[in-house]
2 protein chains.
Amino acid sequence: MARNKYPEETVEKILDVSTRLFMENGYDQTSIQDIIDQLGGLSKGAIYHHFKSKADILLAIVDRVSAGKAEEMQAIVADATLTGAAKLRQMFLSSFKDSTQRELIASMPNLVKNPQLLSLHLSNTIEDVVPHYILPVIQEGIDDGSIQCDYPQEMADVLMLLTNVWLNPLIYPATQEGIRRKIALFNQILASLGFPTLEAGLDEHIQLVGEKMSRLQNKDVLDTLEVHLL
Amino acid sequence: MARNKYPEETVEKILDVSTRLFMENGYDQTSIQDIIDQLGGLSKGAIYHHFKSKADILLAIVDRVSAGKAEEMQAIVADATLTGAAKLRQMFLSSFKDSTQRELIASMPNLVKNPQLLSLHLSNTIEDVVPHYILPVIQEGIDDGSIQCDYPQEMADVLMLLTNVWLNPLIYPATQEGIRRKIALFNQILASLGFPTLEAGLDEHIQLVGEKMSRLQNKDVLDTLEVHLL
DNA sequence: ATTTATAATACCGACTGACGGTATGTATTG
DNA sequence: CAATACATACCGTCAGTCGGTATTATAAAT
């Protein structure tokens with residue numbers, strides 16, 4: 001294909017196609033050739049000019065997604081009108097309603113069956129989200145009296161593990177009723193530990209996830225890991 | 001190499017070598033040839049006679065490990081002298097002191113950097129441990145009055161996520177002091193939700209993990225995922 | 001301002017080496 | 001003599017490389 005005057009467009013195109021394929025078929029099950037085939041005339045040389053390896057593409061994808069998330073989080077952290085507790089609640093809600101994640105969910109059958117992505121998701125949670133966003137906000141909540149907590153670091157870990165993993169329907173598939181029960185228990189845990197609970201505003205989220213999940217159950221993709229591993 | 005009269009020995013040998021290599025270098029970074037090289041005369045034909053694929057080796061490894069775990073768990077579940085709460089406490093303790101896991105820990109730098117193993121670990125937790133061991137015992141505890149719980153299924157998920165993931169030093173690296181704080185918070189959560197807490201008997205575990213972790217920190221293996229991904 | 005020379009970038013596509021897996025053959029056991 | 005336990009040469013596929021070409025950016029010279 002002819003050379004593009006604006007190479008960022010090519011980069012975006014590669015990332016778009018790769019994202020879709022990685023989500024739909026998994027990282028291992030997507031070959032560079034698969035990506036090329038959907039690129040509309042671009043060749044292997046183009047890919048390896050812009051990315052130094054297949055893994056590098058995956059990392060760029062994750063970076064692009066987390067950049068969007070980080071922006072939302074930053075906005076909440078910076079809002080001086082909110083207490084620490086209020087910020088934390090906002091962050092929970094925003095992570096549920098995350099529009100980027102919405103789109104990803106739509107094309108991904110099950111994150112547990114995409115080991116590379118699962119690992120990156122978890123290590124991003126541990127090494128990035130907790131220390132840069134959650135922990136500071138909890139500390140703020142303790143200082144302004146809106147949160148009681150003896151072990152901030154550890155609570156930050158637990159909260160993110162619950163929201164990003166357990167409440168993630170891509171990892172723990174759940175029905176609408178199941179999600180309702182999870183949120184109820186999550187609130188119970190929060191309350192008993194001196195944290196602010198989630199209230200309304202989640203109905204839309206619950207319904208969307210429920211629909212997605214019932215659609216998935218029809219296409220029996222919820223079997224064991226062997227599917228994607230073999 | 002000459003044909004072995006007792007082929008199970010060959011199978012075990014292949015599993016032993018593969019386990020070590022997968023733990024040390026990761027699944028993707030270990031080639032069949034690497035395994036052959038450490039097998040002492042055995043060839044590719046031997047491997048593919050006993051296992052139908054590389055992934056099949058990994059599954060056999062996981063099966064062997066979980067078989068050992070399952071046995072321990074079954075013994076606790078079957079003990080008629082214990083209440084549900086006591087059984088659950090026993091299961092927590094046994095999972096901490098698991099001797100098989102001990103050996104694995106010794107050769108694995110970080111589970112998050114071994115995506116395939118992490119996925120299998122998590123999906124094993126979700127699809128096997130929770131429904132077959134934890135949930136029935138919680139139910140038993142509710143029936144005999146030793147546990148109070150409104151959402152047994154959800155609590156089973158949360159408890160296993162915390163013990164198998166958050167309290168797993170291979171996933172969440174921690175110092176001795178860090179582990180102490182985690183266990184303290186874990187107890188706080190358990191207590192506030194009507195569950196039995198962990199008490200003594202963990203000091204040895206804490207010390208062992210602490211030593212392992214400080215040894216790891218010296219060999220800077222605790223960097224980002226890219227290491228193993230690239 | 002236009003041309004011209006040069007360098008840097010964007011991309012192509014044939015090729016390579018390594019890998020997982022297969023096929024066929026052979027020796028040993030039952 | 002049938003089934004099993006291997007050995008080994010071979011195959012297809014894949015990620016990644018490399019030399020090449022065409023396009024654009026840079027900037028000096030006219």
Side-chain angles (χ1 to χ4, degrees), chain A residues 1-19 21-22 24-61 114-117 120 225-230, chain B residues 1-19 21-22 24-61 114-117 120 225-230:
Chain A
M1 198 156 86
R3 172 180 178 159
N4 192 334
K5 201 173 168 182
Y6 306 98
E8 322 92 55
E9 291 177 1
T10 305
V11 172
E12 290 299 308
K13 203 167 175 182
I14 295 172
L15 288 181
D16 288 343
V17 169
S18 306
T19 302
L21 291 177
F22 288 167
E24 285 173 1
N25 309 322
Y27 175 78
D28 283 328
Q29 289 70 34
T30 303
S31 73
I32 296 289
Q33 191 57 47
D34 291 337
I35 299 174
I36 295 168
D37 290 345
Q38 305 246 353
L39 232 37
L42 280 169
S43 76
K44 193 172 244 187
I47 293 182
Y48 280 93
H49 173 69
H50 292 292
F51 300 92
K52 71 179 204 278
S53 69
K54 186 184 172 188
D56 191 42
I57 299 178
L58 179 58
L59 293 178
I61 289 174
N114 201 335
Q116 279 80 5
L117 269 174
L120 284 173
L225 180 63
E226 301 174 41
V227 177
H228 261 185
L229 203 61
L230 294 175
Chain B
M1 196 157 84
R3 171 179 179 159
N4 192 333
K5 202 172 168 182
Y6 306 98
E8 322 92 55
E9 291 179 0
T10 303
V11 172
E12 290 299 309
K13 202 166 175 181
I14 295 172
L15 288 181
D16 289 342
V17 168
S18 306
T19 302
L21 290 176
F22 288 168
E24 284 173 2
N25 309 323
Y27 175 78
D28 283 328
Q29 290 69 33
T30 303
S31 73
I32 296 289
Q33 191 57 46
D34 290 337
I35 299 174
I36 296 169
D37 290 344
Q38 306 247 352
L39 231 37
L42 280 167
S43 75
K44 196 173 239 187
I47 293 182
Y48 280 93
H49 173 69
H50 292 292
F51 301 93
K52 69 179 207 279
S53 69
K54 186 185 172 186
D56 192 43
I57 299 178
L58 179 58
L59 294 177
I61 289 174
N114 201 336
Q116 278 78 9
L117 269 175
L120 283 173
L225 182 62
E226 302 173 42
V227 177
H228 261 186
L229 205 60
L230 293 176

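- Remark: B:Glu9 pairs with B:Asn4 by the side chain to side chain donor-acceptor pair (under 3.5 Å) rule, at least two apart or across chains.
- With sequence neighbours excluded, the residues satisfying side-chain contact (heavy atoms from CB on, under 4.5 Å) with B:Val17 are B:Leu21, B:Ile35, B:Gln38, B:Leu39.
- If you take NZ of B:Lys54 and P of C:dC19, they are 9 Å apart, rounded to a whole angstrom.
- When the side-chain contact (heavy atoms from CB on, under 4.5 Å) test is applied to B:Gln33, the partners found at least two apart in sequence or on another chain are B:Ser31, B:Ile36, B:Asp37.
- Looking at B:Gln116 and A:Asp28, their side chains do bring a donor and an acceptor atom within 3.5 Å of each other.
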Practice item. Kindly determine whether A:Lys52 and A:Tyr48 satisfy side-chain contact (heavy atoms from CB on, under 4.5 Å), including the steps that lead there. Key: CA-CA 6 Å; A:Lys52 71 179 204 278; A:Tyr48 280 93; over 6 Å; no
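- B:Ile36 places its CD1 atom 12 Å from the P atom of C:dG21, with the value rounded to the nearest Å.
- Taking atom CD1 on B:Ile35 and atom P on C:dG21, their separation rounds to 11 Å, with Å as the unit.
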Practice item. Decide yes or no on side-chain contact (heavy atoms from CB on, under 4.5 Å) for A:Ser18 and A:Ile61, but give the supporting numbers first. Key: CA-CA 8 Å; A:Ser18 306; A:Ile61 289 174; 3.9 Å; yes
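- Scored by the side-chain contact (heavy atoms from CB on, under 4.5 Å) test, A:Asp16 finds A:Arg64 as partners (sequence neighbours excluded).
- Between B:Tyr48 atom OH and D:dC11 atom P the separation is 17 Å, expressed in whole Å.
- The two residues B:Asn114 and B:Phe22 make their nearest non-hydrogen contact at ND2-O, 2.9 Å.
- As rounded to whole Å, 16 Å separates atom C1' of C:dC11 from atom CD1 of A:Ile32.
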Review item, nucleotides 4-10 of chain D N/O atoms under 3.5 Å of protein N/O:
| from | atom 1 | to | atom 2 | distance (Å) |
| --- | --- | --- | --- | --- |
| D:dT4 | O2 | B:Arg3 | NH1 | 2.1 |
| D:dT4 | O2 | B:Arg3 | NH2 | 3.0 |
| D:dA5 | OP2 | B:His49 | NE2 | 3.0 |
| D:dA5 | O4' | B:Arg3 | NE | 2.9 |
| D:dA5 | O3' | B:Asn4 | N | 3.4 |
| D:dC6 | OP1 | B:Asn4 | N | 3.1 |
| D:dC6 | OP2 | B:Thr10 | OG1 | 2.9 |
| D:dC6 | OP2 | B:His50 | NE2 | 3.1 |
| D:dC6 | O3' | B:Met1 | O | 3.2 |
| D:dA7 | OP1 | B:Met1 | N | 2.0 |
| D:dA7 | OP1 | B:Gly41 | O | 2.9 |
| D:dA7 | OP2 | B:Ser43 | N | 2.4 |
| D:dA7 | OP2 | B:Ser43 | OG | 2.4 |
| D:dA7 | O5' | B:Ser43 | OG | 3.2 |

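- Rounding to whole angstrom units, CD of residue B:Gln33 and C1' of D:dC14 are separated by 18 Å.
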Review item, nucleotides 2-6 of chain C N/O atoms under 3.5 Å of protein N/O:
none

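- What separates CG of B:Asp28 from P of C:dA18 is a distance of 18 Å, to the nearest Å.
- Both tests pass for B:Lys54 against the ring of B:Tyr27: distance under 6.0 Å to the centre and angle within 45° of the axis.
- Between the P atom of C:dA10 and the NZ atom of A:Lys13 lies a distance of 15 Å, rounded to the nearest Å.
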